[in-house]
Amino acid sequence: MHNPIPITGDIHWIGVNDRETDLFEAQWPLPEGVSYNSYLIRAGKTALIDTVKKTHLTQFLKKLKGLVAGGREKVDYLIINHMEPDHSGAVPVLKQLFPEMTIVGNKKTLELVKDFYGIEVGTMTIADGDVLDLGGHALRFILTPMVHWPETMMTYDETSRVLFSGDAFGSFKTLDGGLFDDEINIARYDDEILRYFSNIVGKYSPMVQKAMARLQGIDIGVVASTHGPVWRKAPNYILDRYDLWSRYIAEPGVVVAYASMYGSTLEMAEAVSRGLSLAGVKEIRMHDVARTHPSYIIRDAWRYKGIVLGSCTYEIGLFPAMRGLVELLEEKGLKNRCLGIFGSFGWTGGAVRNLKSFVEKSAWSLVEPVVEVKCAPDEHQLEECVALGRNMAGAISD
Ligand code: FEO
């Protein structure tokens with residue numbers, strides 16, 4: 001994606017693909033990369049909306065300078081929907097290149113501009129509902145705090161009906177030649193859209209719902225997020241998904257996540273999954289927590305109604321990777337799930353006791369039986385695991 005791409009006649013995408021960063025926010029794997037989307041509106045005045053991570057400045061500035069006639073045209077406004085440095089990394093350099101440029105943001109944005117980059121002059125504070133007229137494009141600001149930081153907002157172009165939505169409606173995965181939803185195979189993005197939502201935005205689902213309410217009645221022709229595809233053919237596709245996920249609406253299916261050192265808990269997990277299958281569940285996702293990054297398990301937990309967690313005991317508690325997963329599930333605040341638990345121990349218990357604590361904290365519906373095994377499961381205990389699978393199948397179809 002070496003050139004700016006027109007979205008409408010005078011709005012261009014000038015974002016970049018990041019194929020080099022291994023971990024987003026130093027923790028979420030990016031096997032398929034990510035894009036940082038920036039947009040330029042050239043009307044009576046020229047406005048840039050969000051920028052890119054500083055690691056990709058060279059590509060970004062090449063596109064920007066190409067559009068603004070070798071740097072001779074001014075950038076009048078830089079509108080910052082979101083200050084996280086994957087989008088604000090170019091701010092200091094832009095301020096040097098275009099010293100007359102006005103940085104536009106809400107009160108919290110401009111505090112962060114000062115704290116991150118030491119910039120205090122040449123700024124314009126806007127409030128919710130304010131309109132900035134570029135002369136040919138009227139931009140309305142919609143404050144959407146905590147989607148994903150306190151300062152996050154959206155900018156709606158009333159003229160072109162493009163919603164510049166910040167992190168909301170974004171996705172992991174680079175743009176491999178196609179920018180728009182009608183240029184790509186959306187199915188190739190679905191998993192990474194949900195992994196992005198569930199791990200980056202999902203914790204703030206109540207705030208996403210508030211943002212969705214704010215968007216009611218707005219005629220949205222194009223959704224232009226800071227990450228992933230631009231939705232111009234079917235903007236409702238992405239709007240609807242974020243709406244469903246932030247209401248914790250799940251699909252029929254079950255995640256079976258297990259930790260096993262010597263095979264006992266794995267054998268139990270296999271029995272649970274068999275019980276699910278015998279009861280007709282076709283969407284079953286088994287994850288070994290020691291070998292699967294939790295972001296993928298969180299993604300599937302957000303997708304499916306049933307979650308079964310099984311852990312061996314390690315040092316009188318949960319196996320460390322399972323402890324990490326449980327903490328992450330708690331932190332993300334996922335709601336309205338059916339939960340099954342099982343586990344094993346050698347010389348003293350601990351895993352199941354800790355999983356029971358999670359049952360209470362999560363307030364999810366516990367599906368019986370809870371199966372706990374010393375050393376290795378016998379036939380009766382494996383039948384109990386099958387029964388747990390069957391009961392879970394019933395619970396998710398209620
Ligand atoms: Fe893509 Fe919250 O930054």
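In listed order, ligands and their atoms are each counted from 1.
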task = Write out all pairs satisfying salt bridge (charged side-chain N to carboxylate O under 4.0 Å, His left out) with one or both partners inside residues 308-325, taking only residues at least two apart or from two chains.
result = none
message = Tell me whether the NZ or CZ atom of K53 lies within the 45° cone about the ring axis of Y36 and under 6.0 Å from its centre.
response = no
ask   = Do F60 and V93 have side-chain heavy atoms sitting under 4.5 Å apart?
value = no
query = Tracing side-chain links under 4.5 Å among I, L, V, M, F, W and Y, which residues wind up in one group with L244?
reply = I249
inquiry  = For R337, give me all partners under side-chain hydrogen bond (donor to acceptor under 3.5 Å, both in side chains), at least two apart in sequence or on another chain.
reply    = none
task = Determine how many protein N/O/S atoms sit closer than 2.8 Å to atom 1 (Fe) of ligand 1, leaving waters out since they are not shown.
result = 4
ask   = Between H148 and H82, how do the two ring planes meet: parallel, tilted or perpendicular, split at 30° and 60°?
value = perpendicular
